[in-house]
Amino acid sequence: MLVVDDDPTVAEVVTGYLRKAGFDVRHAADGPAALHAAAAHRPHLVVLDLMLPGMDGLEVCARLRAEAGPVPVIMLTARGDEEDRILGLEVGADDYVTKPFSPRELVLRVESVLRRAATARHATGPRLRAAGLEIDPAARRATRDGRALALTLREFDLLTYLLSNPGRVHSREHLLKEVWGWDFGDLSTVTVHVRRLRGKIETDPAAPALIQTVWGAGYRFDAAPGPGGGAGTGPAPGVRAGPSASEAGRDEVGRGVVGRDEVGRDEARREVDAPGGPARLPGRVPYGPGPGGPA
């Protein structure tokens with residue numbers, strides 16, 4: 001495991017807790033050192049600070065994806081930097097933890113991401129086909145009209161889950177639990193991954209035909225052809241659909257923030273404005289005591 005942070009105190013605490021949890025941990029203090037370490041000893045997971053000197057965490061994450069393949073990445077970001085968190089997810093980070101954070105929470109996040117990665121490596125089952133998409137769970141390969149899709153670990157898992165459950169509405173809470181394996185967390189994580197996935201599988205991501213937003217409820221994968229020859233776009237029986245996808249797309253671009261029109265403006269606003277931010281484990285400390293400190 002590789003920890004990338006230029007703050008010696010944070011790096012010491014994080015590496016100490018991870019070692020206490022049984023992980024073999026290496027540390028790099030900047031981007032070039034991180035890329036060198038990842039090339040020399042390919043890590044199973046990278047804990048990556050966003051604010052690094054010279055080459056920032058976003059660039060390091062993007063280059064890790066390009067050079068080391070689909071290695072899981074957990075980004076460390078400053079509390080309240082919503083745009084940075086979104087950018088981190090958009091360049092391929094699998095998760096993020098905001099500072100100040102509980103080291104125990106970070107260890108739980110690491111274990112969760114590693115479990116999902118291990119499950120993915122040993123995935124079996126029949127191939128899934130719908131609307132020109134084909135997924136081979138065993139090979140971790142996805143194609144659209146025969147063209148390979150470059151998906152991150154979470155994007156692949158999310159697409160597999162949606163194709164396995166077509167026509168059903170899934171709330172963001174449900175997807176967070178089923179795809180990420182979390183009982184708590186920031187729901188904008190789901191929103192960002194849906195947006196990225198639409199960008200890779202939809203003919204027009206601003207007017208999605210496959211992954212539909214069901215206003216106030218969640219998302220639904222429509223595999224059946226609609227009147228225009230594409231995937232069905234009507235709301236599920238008894239469920240009121242949200243604004244047109246083109247309206248939602250324009251609103252996302254105009255605001256520069258993802259998640260306002262994805263499931264409901266009021267829901268997203270309550271998440272961002274809630275005291276203390278997204279739900280987290282109790283007992284948070286600025287950076288936590290050292291590994292020998294109190295639990």
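Everything numeric in this text was worked out from a predicted model, so none of it was measured. The analysis underlying the following values was restricted to heavy atoms, covering all of them including side chains, and did not include hydrogens, waters or symmetry mates.
- Counting heavy atoms from C-beta outward, Glu134 and Arg127 have side chains that approach closer than 4.5 Å.
- Shortest non-hydrogen contact noted between Leu18 and Val107 is CD2-CG2, 4.1 Å.
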Is there a side chain to side chain contact (heavy atoms under 4.5 Å, CB included) between Leu159 and Ile135 once you walk through the steps?
CA-CA 9 Å; Leu159 183 59; Ile135 292 180; 3.6 Å; yes

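- Within the 4.5 Å cutoff, the side chain of Asp56 has no heavy atoms near those of the Leu50 side chain.
- The distance from the CD atom of Glu178 to the OG atom of Ser171 is 9.5 Å, given to the nearest 0.5 Å.
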I would like to know whether Leu106 and Ser102 meet side chain to side chain contact (heavy atoms under 4.5 Å, CB included); could you show each step before the answer?
CA-CA 7 Å; Leu106 177 60; Ser102 162; over 6 Å; no

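- When atom types are taken as modelled, the side chain of Asp30 and the backbone of Ala33 share a donor-acceptor pair closer than 3.5 angstrom.
- Contact record, Arg154 with Asp94: CG-OD1, 3.6 Å, taken as the closest heavy-atom pair.
- In this structure, CG on Asp222 lies 10.0 Å from CD1 on Ile211, to the nearest 0.5 angstrom.
- Checking side-chain atoms of Arg220 against main-chain N and O of Val214 turns up no donor-acceptor pair under 3.5 Å.
- Glu202 contributes a side-chain N or O that, together with a main-chain N or O of Ala209, makes up a donor-acceptor pair within less than 3.5 Å.
- Leu64 places a side-chain heavy atom less than 4.5 Å from the side chain of Leu35.
- In terms of heavy atoms, Ala142 sits closest to Leu151 at CB-CD1, 3.8 Å.
- In this structure, the side chain of Ser112 does not engage the main chain of Leu108 through any donor-acceptor pair within 3.5 Å.
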Determine, stepwise, if the pair Val14 / Phe101 fulfils side chain to side chain contact (heavy atoms under 4.5 Å, CB included).
CA-CA 10 Å; Val14 171; Phe101 61 88; 3.8 Å; yes

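- Atom CE of Met51 and atom OG1 of Thr77 lie 10.5 Å apart (nearest 0.5 Å).
- For Arg168, the CZ atom is loosely surrounded, since the number of other residues' heavy atoms within 6.0 Å does not exceed 12.
- Contact record, Cys61 with Ala93: SG-N, 3.8 Å, taken as the closest heavy-atom pair.
- The structure places CG of Leu197 at 7.0 Å from CG of Leu162, a figure rounded to the nearest 0.5 Å.
- Between Lys99 and Asp7 there is no salt bridge, since none of the side-chain N atoms of the basic residue sits less than 4.0 Å from a carboxylate O of the acidic one.
- Annotation for Leu52 and Asp5: closest pair CD2-CA, 4.1 Å, computed over non-hydrogen atoms.
- Aromatic ring pairs are classed by plane angle as parallel below 30°, tilted from 30° to 60° and perpendicular above 60°; the pair His193 and Trp180 is perpendicular.
- At least one side-chain heavy atom of Tyr219 sits under 4.5 Å from a side-chain heavy atom of Thr191.
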Evaluate the criterion side chain to side chain contact (heavy atoms under 4.5 Å, CB included) for residue pair Thr213 and Arg198; output intermediate values, then yes/no.
CA-CA 11 Å; Thr213 297; Arg198 282 172 169 165; 2.8 Å; yes

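- At least one side-chain heavy atom of Val46 sits less than 4.5 Å from a side-chain heavy atom of Val71.
- The line from CG of Leu2 to OG1 of Thr15 is 11.0 Å long, rounded to the nearest 0.5 Å.
- Not less than 6.0 angstrom separates the ring centroid of His44 from the ring centroid of Phe23.
- For the pair Leu149/Arg141, no side-chain contact is recorded, criterion being any heavy-atom separation below 4.5 Å from C-beta on.
- Counting only heavy atoms from C-beta outward, the side chains of Tyr96 and Ile74 never approach each other to under 4.5 Å.
- No hydrogens or angles considered: a donor-acceptor pair under 3.5 Å links the side chains of Tyr161 and His174.
- Arg109 and Asp95 are joined by a salt bridge, as a carboxylate oxygen and a charged side-chain nitrogen come within less than 4.0 angstrom of each other.
- Taking 4.5 Å as the limit, some side-chain heavy atom of Val47 sits within range of a side-chain heavy atom of Leu76.
- The two residues Val169 and Gly218 make their nearest non-hydrogen contact at CG1-N, 4.2 Å.
- For the pair Gln212 (side chain) and Pro208 (backbone), a donor-acceptor distance under 3.5 Å is present.
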